[in-house]
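Below: one structure, written as structure tokens.
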Amino acid sequence: MKDQSTGTDAEETPRTDAQEPRTEAEETPGTEAGETPGTAAEAEAEAEAEKDVTPEEEAALLRRRRVRRRIWIALAVPVLLLVLPVLVALTALRINYMGDPADGTYTRGKDAIWLGHAWVDGRKKDADVTALAARLKDTGIRDLYVHSGPLEHDGTLPASSYPNARWFIAAVHREMPQIRVQAWLGDVLASESPYGMRLERAATRAAVVRSTHEILATGFEGVHFDLEPLHSGDQDYLTLLDALHRVTAAQDAPLSVAAHQIDPVPGFHSFWGTTTGHPKWWSQKFFGEVARRVDQIAVMSYDTIQPLEGTYGGYVAQQTSLALEVTPPSTDLLMGLPFYHENRFGHWNHAETVPAGVRGVRLGLSRTDADRANFGVALYVDFAAEEADWTAYREGWVR
């Protein structure tokens with residue numbers, strides 16, 4: 001950010017040393033230099049007043065002072081109890097961002113990108129696919145998650161949601177034969193409000209499975225699910241994944257999911273859910289249970305509430321390590337990178353940058369499993385990306 005100048009240079013305003021302003025002592029007769037006018041008189045008045053204070057009044061004055069002190073302590077202690085843990089956590093994350101990533105911790109050619117709905121609803125044309133192919137050439141991108149929903153709350157998926165899907169899949173195969181096209185399906189869950197999809201209903205889960213059959217028949221080479229807000233420990237979700245994997249495995253198609261972040265400290269999702277009503281994180285155990293049921297899991301490692309670039313990078317490093325610890329080597333693990341730019345609570349554009357995210361991913365990979373083959377990053381999202389995001393991805397991760 002450029003500094004804002006007043007527009008006046010020092011040379012434009014000549015010094016007037018001969019006309020120095022008078023001191024207060026000169027302006028106010030009867031005061032010493034450096035003394036505030038009236039200070040001596042006030043001190044004398046206070047001294048006279050203290051002479052007239054009775055023992056009872058003095059005791060009352062002391063009691064009032066003790067009460068004020070107790071109030072200040074009562075107010076300060078909760079503030080310290082809230083602020084100190086936050087400062088400690090931010091310091092720990094900043095320290096976690098230090099060090100050098102290991103050599104070779106770059107793309108394994110298993111990266112992905114989320115694409116908007118315009119690619120399957122008729123807005124994009126052949127020229128756009130050609131431009132996309134040029135953009136993705138010589139990167140690590142293998143999978144395209146193209147938005148093809150959303151699912152209805154009852155689990156159904158109208159074919160009218162993706163009218164140009166066959167065209168897009170064919171165009172990608174022509175321009176980028178090495179890249180897979182997956183259908184990105186999602187919906188809002190009724191986990192925090194009365195409205196949305198209810199996974200506890202067997203009929204809804206069965207409808208999601210049928211929708212998966214139908215969209216794979218269109219020619220998609222995999223299905224990527226993003227159901228939110230999904231609470232940690234949701235057994236109905238695990239049941240759905242088991243049913244979906246039987247379908248995708250039978251067609252040799254990957255089952256992919258977007259995953260919530262993992263508790264930065266054990267049980268944090270319970271604390272956050274109790275205090276805010278939105279248990280944003282998953283336990284590491286639940287994350288592992290999901291990862292074992294799918295072929296690919298992409299952590300949404302953005303919208304982290306981190307205030308600084310260094311703490312965001314340290315947080316991503318931590319998330320990468322936590323995810324690697326419980327993801328089977330046979331499952332593709334992808335860490336999300338923010339290819340969008342917003343400023344709101346939960347996401348600060350100056351903090352959640354692609355360079356910090358890439359470095360955090362490399363640090364976490366280096367410390368936990370530097371040779372993990374089935375690993376990559378996922379870029380969110382194509383229509384909000386800026387050139388600087390692509391440059392940071394290429395220079396920091398692709399090389």
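Numbering starts at 1 and runs along the sequence shown.
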Distance, nearest 0.5 Å, that separates [atom1] of [X] from [atom2] of [Y]:
| X | Y | atom1 | atom2 | answer |
| --- | --- | --- | --- | --- |
| L185 | T212 | CG | OG1 | 6.5 Å |
| T248 | L255 | OG1 | CG | 4.5 Å |
| L322 | S301 | CG | OG | 12.0 Å |

Heavy-atom pair of closest approach, residues [X] and [Y]:
| X | Y | result |
| --- | --- | --- |
| P101 | L363 | N-CD2, 3.8 Å |
| S232 | S283 | OG-N, 3.0 Å |
| W282 | L230 | NE1-O, 2.8 Å |
| Y393 | V354 | N-CG1, 3.9 Å |
| A356 | A351 | CB-O, 4.4 Å |

Apply side-chain contact (heavy atoms from CB on, under 4.5 Å) to L379 and V377, showing your working. CA-CA 7 Å; L379 319 179; V377 297; 4.1 Å; yes

Quiz question: by atom type and distance under 3.5 Å, do the side chains of [X] and [Y] form a donor-acceptor pair?
| X | Y | answer |
| --- | --- | --- |
| Q318 | N96 | no |
| D128 | W119 | no |
| D389 | H341 | yes |
| H278 | E192 | yes |
| H245 | D295 | yes |
| T331 | Q296 | no |
| E309 | Y97 | no |
| Q284 | E325 | yes |
| W114 | H224 | yes |
| H347 | Q306 | no |
| Y302 | E342 | no |

Heavy-atom check, side chain of [X] versus side chain of [Y], under 4.5 Å:
| X | Y | answer |
| --- | --- | --- |
| V120 | W167 | no |
| S256 | Y145 | yes |
| Q182 | L144 | no |

Please check this pair: side chain of [X] against backbone of [Y], looking for a donor-acceptor N/O pair closer than 3.5 Å.
| X | Y | value |
| --- | --- | --- |
| R372 | L324 | yes |
| T368 | G364 | yes |
| T311 | L308 | yes |
| Q235 | G233 | yes |
| K125 | G122 | yes |
| R166 | T218 | yes |
| R201 | M197 | no |
| S191 | P229 | yes |

Give the C-alpha distance, both sets of side-chain angles, the deciding distance and a yes or no for side chain to side chain donor-acceptor pair (under 3.5 Å) between D382 and Y340. CA-CA 8 Å; D382 74 308; Y340 63 101; over 6 Å; no

Below 4.0 angstrom, N of the basic side chain to O of the carboxylate: do [X] and [Y] qualify?
| X | Y | value |
| --- | --- | --- |
| D371 | R108 | no |
| E289 | R293 | no |
| K137 | E175 | no |
| R344 | D303 | yes |
| R142 | D111 | no |

Taking the six-membered ring for Trp and the single ring otherwise, decide whether the centroids of F287 and H260 are under 6.0 Å apart. no

Any chance the rings of F225 and W184 have centres within less than 6.0 Å?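 Between W184 and F225, which both carry aromatic rings, the centre distance is not below 6.0 Å.
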
State whether the number of non-hydrogen atoms from other residues, nucleotides or ligands found under 6.0 Å of N343 atom CG is greater than 12.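 Check passes, neighbour count above 12.
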
With respect to R362, which candidate in T105, D100, T320 satisfies the side chain to side chain donor-acceptor pair (under 3.5 Å) definition? T105

Show your reasoning for whether side-chain contact (heavy atoms from CB on, under 4.5 Å) applies to Y312 and T304. CA-CA 7 Å; Y312 172 65; T304 63; 3.5 Å; yes

